[in-house]
Structures are given as C-alpha cells and as structure tokens.
Amino acid sequence: MGRELLFFTKENFIAFRMQKKEEGVEIISITDYLQNFDKISEIDDDTQIVDITSIASINELQYNAERVFPLFNQNTLFIADKKTEEILSYNLRYCFEEFRDLVVPTHIDSPISIEKIMLKTAPNHKKIVDLDSSQLKDFLLSFFNHIYGQEKFKSDLSDLINSFRIFNKLGEHKILSLFLMGESGVGKTEVARAIHKCLGGKKKLAKINFGNYSSDNALNSLIGSPRGYIGSEEGEIFIRVKNSDTGLILIDEFEKANYMLFNYFLDVLENGKIVSSQAEEIDLNGFIIIFTSNISKDDFEKNISPELRSRIDYKCLFTPLYNEDKLKFLEFRVNDVIEKIKEQFGAELSQEIIQEIIDKVDVSKYSNMRDLNKMIKDTFVKYLITNGLYNSH
Ligand SMILES: Nc1ncnc2c1ncn2[C@@H]1O[C@H](COP(=O)(O)OP(=O)(O)O)[C@@H](O)[C@H]1O
Ligand SMILES: [Mg+2]
C-alpha cells in the first residue's frame with residue numbers, strides 16, 4: 001500500500017491526539033526533522049505520528065518534499081491540517097498516493113463534529129478572579145486564619161493572586177497553578193480545603209488523589225475511556241469539577257502520576273481547559289490548580305518533567321510548624337472540640353479545664369499535625385471518662 005496523507009480538522013485533532021496518547025502514541029511535528037535529516041531515522045513509527053502541517057510554508061516545497069519523504073520509514077503515518085490540503089495535495093503528489101480526511105477510529109459510529117465539542121465554562125464555580133476587592137480582602141483574611149504557620153506561602157499567595165487576577169483579565173494567565181511539597185501533615189491539603197471554604201464552597205472540593213490510581217489505567221480513570229471501550233465513560237476529573245462549586249482543583253499525591261498524566265496536565269495548563277477522551281471540554285479559565293506531593297525539592301526536579309515544572313506558576317516547600325503555631329492549632333482544636341461537647345453532652349467545661357487539657361499535650365513532640373490532632377482527641381476522651389462526663393459502657 002502506498003503512502004497516504006490524512007487531513008485533520010482542529011476538532012478531530014484534539015480527540016485524535018487524546019486517543020493516541022492513551023495508546024502510547026505521540027504526534028510529532030516535522031519541523032525539527034526538516035532541519036536535520038539524520039534524525040528522521042530515529043522516528044519510531046509504532047509510537048510516533050508525524051504532523052507535516054508546517055512543511056506547507058517552506059520554500060520550493062515540491063523539490064524539498066521529494067528529498068525528505070523517501071527518508072521516512074514506509075510505515076510512518078502522516079497527518080496535516082485540513083487548511084493545507086490544497087497546497088499539500090498538489091505539491092506532494094509524488095510523495096503520497098492518497099489524500100484523505102482523518103476519521104477518528106473509535107468514534108466511527110458518532111464522528112466528532114463541532115456540535116459535539118461543547119465548550120462549557122464553569123459558570124457555577126466561584127472563582128478568585130471574580131471577587132471584588134473587599135471580597136478578596138475577606139478571602140485572604142479568613143484563609144490566613146485557617147492555616148497556621150507557612151508564613152512564606154501565605155505572603156507569597158497574596159502576590160500570586162493579585163498578579164493572577166490582573167493577567168487573567170488581560171487574557172494572559174488562564175490557570176493559577178501551585179505546587180506544594182513537604183512532609184506529611186503540615187497543611188498542604190489543608191490549603192486547598194481552606195481556599196475552597198473561603199471562596200464559599202458549599203459542595204465538595206474537586207479533589208483527585210493519584211495515590212488511588214493504578215498506573216496502567218490512570219489516564220482513562222482521569223479523563224474517561226473512549227466510546228466503545230469498557231469502563232467508566234466519564235473521567236473522574238470531569239465528575240469532580242462538575243460536582244464542585246469553586247474554581248479550584250486539588251491534585252493530591254501528584255508524584256504518583258506517570259508521564260501520560262504529566263503530559264495531560266501540561267496541556268491543561270497550556271490551554272486552560274480539560275478535555276475528555278470524548279472531546280468534551282470544560283473551560284478552566286480563572287481556576288486555581290493545587291498539586292501536592294510528599295517529595296523533597298530534589299525529587300521534584302527528578303520526578304517532574306522540566307516542561308511541566310516550567311509551566312507551574314509557583315512551587316513551595318512546606319516546613320514543619322513551629323511550636324508556637326502548633327500551640328495555636330492546639331488551642332483552636334481544643335476550643336472546637338469543647339464547642340462540640342457542649343452541643344452533644346450539654347457539658348460546659350471551665351477555662352481551667354481547657355487550660356489543663358492544653359497543658360497535657362506537648363506540641364514539641366509532633367511534627368505531623370495529624371498525630372497532634374489524634375493526641376488531642378485521645379486527651380479529651382481520657383478526660384471525659386476519668387471525670388465521669390462520659391460513660392463508655
Ligand atoms: N498549617 C496548618 N494549618 C492548619 N491546619 C493544619 C496545618 N497543617 C496540618 N493541619 C491539620 O492537620 C491535618 C492534616 O493536614 P494536611 O493538610 O491534610 O496534611 P498534608 O500536608 O499531608 O496534606 C489537617 O486536617 C489539618 O487539620
Ligand atoms: Mg495531603
């Protein structure tokens with residue numbers, strides 16, 4: 001069979017690229033190879049498809065094309081933008097035997113059409129870019145009260161948000177992306193919970209935990225499987241975003257992701273939208289995406305691809321809390337629990353008792369706030385039982 005060139009439209013290109021990505025096949029541009037013919041032999045036609053759109057704009061197209069195409073492996077698949085059809089099908093008439101439109105294979109029963117690509121903005125999501133200045137002030141204040149310690153992050157966050165709000169309006173910054181690193185239990189996930197709450201989120205925060213993903217099927221789990229495949233049709237990220245009411249996505253344990261997911265997020269940050277395997281889109285303009293990870297700064301460089309790293313607006317290493325911040329957390333938690341005890345048991349605890357409980361907990365022993373929290377709970381239970389306020393039988 002002779003060579004053929006397939007023309008794609010902008011719409012079916014997105015779906016095609018997604019599908020190929022899931023099959024482990026990437027689409028590469030011919031541009032690099034036009035500058036270095038030797039590299040052509042490195043192309044793997046099992047995992048790479050060559051997009052030759054850019055060749056349409058070179059000089060002496062027919063002459064150059066007839067020199068370059070014989071160098072490609074006979075099985076290489078070539079595609080090009082439909083807009084170049086006229087010029088390519090004429091000038092490359094000796095390079096290709098056939099010129100056809102690209103049909104996205106698993107969508108044969110329902111070809112992707114423009115109508116299918118619904119660009120849904122997320123109008124019901126409260127976003128940081130939509131707050132007026134007094135709302136923003138309140139937001140920052142309540143956020144700062146919510147998170148203990150992490151002073152560097154807190155002071156950087158106001159600057160980041162201010163800049164994001166301006167450049168988002170100018171159409172230059174679609175998504176604010178933050179990468180939070182650091183040990184367990186220092187407030188990384190809590191930052192996302194706090195932002196969600198402070199934006200006025202009543203529904204569930206849109207959270208994806210890559211710790212729960214098996215690497216084999218991760219992209220399918222995230223963005224759904226193509227029509228005709230067995231498994232969930234809708235990806236988790238779509239379900240989560242649709243069920244949330246704030247412009248925030250939390251990606252927890254991001255280090256557990258694989259290169260396909262890294263590539264996917266690279267696309268998301270570049271284009272400001274999520275695209276499902278069925279080419280459904282949700283516009284994330286104005287959203288914040290928080291990635292969290294327990295890796296160290298060194299591992300961050302090792303594990304996350306440079307392209308993605310450079311796409312992330314801000315990275316921060318969360319440090320263990322200082323004792324004075326832990327004490328604040330302790331006081332807050334104790335008072336919180338006391339409120340609840342009052343509601344549940346009708347027991348009013350005196351200020352002295354509160355102080356007694358606080359004194360019992362040695363905050364310097366804990367660097368993970370989850371452990372500290374557990375200690376606070378245990379101390380309460382003991383106190384309630386020994387003082388006959390609660391009968392465990
Ligand atoms: N800096 C912090 N400010 C307020 N609460 C915190 C902070 N760090 C930890 N916590 C508390 O500890 C719990 C665990 O913190 P989390 O943010 O989930 O940890 P991780 O850093 O592992 O994501 C949270 O539910 C929260 O109550
Ligand atoms: Mg966490």
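First listed ligand is number 1; within each ligand, the first listed atom is number 1.
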Open item on the list: Under a plain distance cut-off of 3.5 Å, with no hydrogens placed, do Tyr383 and Glu356 share a side-chain donor-acceptor pair?
Closed with: no
- [ ] For ligand 1, find out whether one of its N or O atoms is nearer than 3.5 Å to an N or O atom of Gln150.
- [x] no
Open item on the list: Quick test of your reading of the structure: of Asn145, Thr189, Val186, whose heavy atom lies closest to atom 23 (O) of ligand 1?
Closed with: Thr189
TODO: Report yes or no: does His146 have a heavy atom closer than 4.0 Å to ligand 1?
DONE: yes
Task: Donor-acceptor side-chain pairing of Ser184 and Arg370 below 3.5 angstrom - done: yes
- [ ] Pick whichever of Met369, Lys188, Glu190, Met181 has a heavy atom sitting closest to atom 25 (O) of ligand 1.
- [x] Glu190
Open item on the list: Less than 3.5 Å apart, any donor N or O on the side chain of Thr76 or Asn73 sitting next to an acceptor on the other?
Closed with: no
- [ ] Please determine, by modelled atom types, if Asp359 and Gln355 share a side-chain donor-acceptor pair under 3.5 angstrom.
- [x] yes
Task: Ligand-side contact atoms (ligand 1) for residue partner Tyr148, heavy atom cut-off under 4.0 Å - done: 1 (N), 2 (C), 3 (N), 4 (C)
Task: Thr53 and Asp51: side chain donor to acceptor below 3.5 Å - done: yes
Task: Positive for ring-ring contact (aromatic ring centres under 6.0 Å, His included) with Phe291, one of Phe254, Phe300, Tyr314, Phe210 - done: Phe254
TODO: Output yes when the distance from some N or O of ligand 1 to some N or O of Gly187 is under 3.5 Å, and no in every other case.
DONE: yes
TODO: Indicate whether the side chain of Lys127 and that of Asn285 have a donor and an acceptor atom separated by less than 3.5 Å.
DONE: no
TODO: Say whether Gly149 and ligand 1 are in contact under the criterion: heavy-atom distance to a ligand atom below 4.0 Å.
DONE: no
Open item on the list: I'd like to know if the side chain of Arg165 pairs up with that of Asn168 as donor and acceptor (distance under 3.5 Å, no hydrogens or angles considered).
Closed with: no
Open item on the list: Could you identify the single nearest non-hydrogen protein atom to atom 16 (P) of ligand 1 and state the distance to 0.1 Å?
Closed with: Arg370 NH2, 3.7 Å
- [ ] For Ser184, take its heavy atoms, then give the atoms of ligand 1 lying under 4.0 Å from any of them.
- [x] 22 (O)
Task: No-hydrogen, no-angle side-chain donor-acceptor test under 3.5 Å, Ser277 and Asn220 - done: no
Open item on the list: Looking at the Mg ion (ligand 2), is there an N, O or S atom belonging to Thr189 that lies under 2.8 Å away from it?
Closed with: yes
Open item on the list: Phe329 versus ligand 1: do any nitrogen or oxygen atoms come within less than 3.5 Å of each other?
Closed with: no
Open item on the list: Looking at ligand 1, is there an atom of it that comes within less than 4.0 Å of some heavy atom belonging to Ile147?
Closed with: yes
Task: Protein contact of atom 22 (O) of ligand 1 - nearest heavy atom, named by residue and atom, plus distance - done: Gly185 N, 2.7 Å
